[in-house]
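Contents: one structure, followed by commentary.
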Amino acid sequence: MEKNIVTAAINANRPNWTTDRLTTRIVHLGCGAFHRAHQALYTHHVLEKTDSDWGYCEVNLMSKHDAALIENLKQQSMLYTVAEKGETHTELKIIGSMKEALHPLIDGVDAILEKMASPSVSIVSLTVTEKGYCADPATGKLDTNNPLIQQDLSTPNNPASAIGYITAALKRRSERKLPPFTVLSCDNVRENGHVAREAVLGLAKLQDAELAQWIEDNVTFPCTMVDRIVPAATEETLSEIAELLGVKDDCAIACEPFRQWVIEDNFVNGRPEWDCAGAQFVEDVVPFELMKLRMLNGSHSFLAYLGYLGGYAHISDTMTNPDYCRAAHALMLNEQAPTLVMPEETDLPAYANNLIERFTNPSLKHQTWQIAMDGSQKLPQRLLDPVAWHIENQSDYRHLALGIAGWMRYVAGVDEQGQKIDVRDPLADTYATIYAKHGLTVSVVDDLLAIDAIFGTELPQNPHFVAAIKSAYQQLLDIGARQAVAKL
Ligand code: CS2
């Protein structure tokens, strides 16, 4: 039976339109928590404020779990709730920007490619996480050894990766003489548009030179900076929202009130007026991306590894410890801010203060374990690029060094109390092999630094860097994370 959360909800802002108003003009790959609370919500606010008809076809490519979400959305007439949780007040919004949804396990691969190739579609956007780009994290180039890319290459009409889907759909459009779509990356990857372009063109070149040329000539890949803290939903979140809403919504998501979206205005086939909903269109997004990746995400990773090791389950818990709070602030202002070149009016100290406030929000249960995931994909842009800057400028980077050592200690897979850590990372097996050889000793550092997909080739050659990481790692072994953070 279809569940009508709009009529059942007792306590929420709700759309006064139905999906009939919408045309699928955007296909979104990766209908996870972040997308539901970010781009889909911006597009919903555009629908509220204008006579727009821009709607989404949501696509999840990966797991069975994702397929369940797609089924649930359909059950709920493509409506779901976003709970914006401030320190004391929660605002519920029912989001009405989704028109339809597809999953390869339910609808088949071809249905998705056809949707992406359909004339009404003008944008294909993505939130597929860092590893979804199948690129080498250190260089940003397509990793042709990635098993998903291997499948894309052997069966281009039955792709596996998001990059493979985009390339195959663009091929159909070029063959049918249809206009291209814009590829809009919304992931936390430095120069995300350029990485998406590298990956799509890299794959197309290996498949079909003519297609690669058509993509080069016709498709744009704007960069974006996306920001909103959206913890993965738990049963607890869902029941809390159900209580407020008056009905159970299996697709609901909770997040902070803050949101930001800075977009390079480079669309080949039209776009919604996202500026009406508070997005900022600029010529060059890269400085904003770097600011956010280094100041927000960099300190998030620092707090996640050292916080988890220190026994804290959530970011807001770590922030109750004044040493962690002070260290996060110092990391942002003393070691990340100086590496940035921002437009004149940017106030980085105010940005840092605001981040500290956002991290402190006790009603957001953002797990340190969740942020600790996929460190191999996150470390380069969050902590290693800034270290390279400090080495060049001969300045102090002890917070960054402790953050990197914290990651190394975390991937040991056992915490300071000897309990198992569930390490989730595409390179988890590599870490396990290294730790099996060395155990919890400082000698692991050399082998971890030798993973060039993360560290590249230059940093591990720098004796000062190696010494700094070894000393921070040894300190974690000797006195533990809480004391090491206190001593910074
Ligand atoms: C976090 C981000 O999980 C993580 O790695 O740092 O998801 C972070 O919450 C968002 O980028 C905030 O915009």
Side-chain angles (χ1 to χ4, degrees), residues 30 32-42 82 84-85 126-133 137 185-192 223-234 237 253-263 278-280 285 288-308 312-319 324 328 331-332 336 351-352 354-361 363-386 403-404 406-407 410-411 422-426 454:
F34 186 73
H35 168 69
R36 276 176 280 153
H38 193 273
Q39 304 93 47
L41 176 135
Y42 274 89
V82 170
E84 297 180 338
K85 294 177 77 171
L126 306 97
T127 48
V128 291
T129 81
E130 295 87 346
K131 59 180 178 279
Y133 292 81
S185 164
C186 300
D187 281 294
N188 285 318
V189 173
R190 76 196 137 179
E191 303 194 35
N192 51 13
C223 288
T224 63
M225 181 267 247
V226 289
D227 190 8
R228 176 164 245 189
I229 296 177
V230 189
T234 59
T237 329
I253 195 77
C255 61
E256 64 174 341
F258 181 92
R259 60 182 160 90
Q260 190 177 9
W261 198 5
V262 189
I263 311 168
Q280 221 181 319
V285 177
F288 296 95
E289 279 193 279
L290 294 182
M291 173 184 80
K292 193 254 168 176
L293 281 170
R294 293 181 185 176
M295 291 184 62
L296 188 160
N297 297 110
S299 41
H300 241 183
S301 290
F302 174 93
L303 291 169
Y305 296 119
L306 296 161
Y308 187 100
Y312 296 112
H314 303 107
I315 290 293
S316 54
D317 305 333
T318 66
M319 298 300 280
Y324 279 75
L331 169 64
M332 289 174 198
Q336 302 284 36
Y351 184 68
N354 188 246
L355 291 178
I356 294 291
E357 230 170 80
R358 292 169 61 195
F359 290 177
T360 308
N361 181 350
S363 46
L364 276 191
K365 296 277 173 257
H366 202 187
Q367 288 187 29
T368 46
W369 175 82
Q370 188 195 340
I371 299 166
M373 242 185 264
D374 290 344
S376 62
Q377 313 289 309
K378 296 175 177 174
L379 239 50
Q381 67 264 25
R382 296 182 182 201
L383 302 177
L384 301 176
D385 289 348
I404 296 162
W407 166 78
Y410 177 90
V411 301
D422 179 7
V423 178
R424 303 274 179 98
D425 193 301
I454 303 177

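The figures that follow rest on heavy atoms only: side chains count, while hydrogens, waters and symmetry mates do not. Read the numbers this way: they start at 1 and go in the same order the structure lists the ligands and their atoms. All values derive from a computational prediction rather than experimental measurement.
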Legend entry - Identity and separation of the nearest protein heavy atom to atom 13 (O) of ligand 1: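 Protein heavy atom at minimum distance: D227 OD1, 2.6 Å.
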
Legend entry - Minimum-distance protein heavy atom relative to atom 1 (C) of ligand 1: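 Residue, atom and distance for the closest contact: H300 ND1, 3.4 Å.
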
Side-chain donor or acceptor of [X] paired with backbone N/O of [Y] under 3.5 Å:
| X | Y | answer |
| --- | --- | --- |
| K365 | H314 | no |
| T127 | C186 | no |
| S316 | T360 | no |

Legend entry - Nearest heavy-atom neighbours spanning M225 and V285: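 So the two residues come closest at N-CG1, 3.5 Å.
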
Legend entry - Of the listed options T129, I371, N297, closest to atom 8 (C) of ligand 1 (non-hydrogen atoms):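 Heavy atom nearest to atom 8 (C) of ligand 1 belongs to N297.
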
Legend entry - Atoms in ligand 1 flagged as close to H366, the criterion being non-hydrogen separation under 4.0 Å: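 Those atoms are 9 (O).
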
Legend entry - Close-contact set for ligand 1 against K378 heavy atoms, below 4.0 Å: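 This gives 3 (O), 4 (C), 5 (O) as the contact atoms.
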
Legend entry - Min heavy-atom dist K292 to ligand 1 below 4.0 Å: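 Right, K292 reaches ligand 1.
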
Inset, instruction - Please verify whether a non-hydrogen atom of M225 lies at under 4.0 Å from ligand 1. - result: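 It does not; every heavy atom stays at 4.0 Å or beyond.
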
Legend entry - F359-H300 aromatic ring centre distance below 6.0 Å: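 Close enough - the centres of the two rings lie under 6.0 Å apart.
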
Inset, instruction - Between N188 and ligand 1, find which residue part has any heavy-atom pair under 4.0 Å and reply side chain, backbone, both or neither. - result: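 Side chain only.
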
Legend entry - Close N or O approach (R358, ligand 1; < 3.5 Å):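 Such a contact does not occur with ligand 1.
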
Inset, instruction - Rounded to the nearest 0.5 Å, what's the gap from CD1 on I315 to CG on L364? Could you check? - result: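 Answer for the CD1-CG pair, I315 versus L364, is 10.5 Å.
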
Legend entry - Parallel, tilted or perpendicular: rings of H38 and Y42 (30°, 60°):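 It falls in the tilted class, 30° to 60°.
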
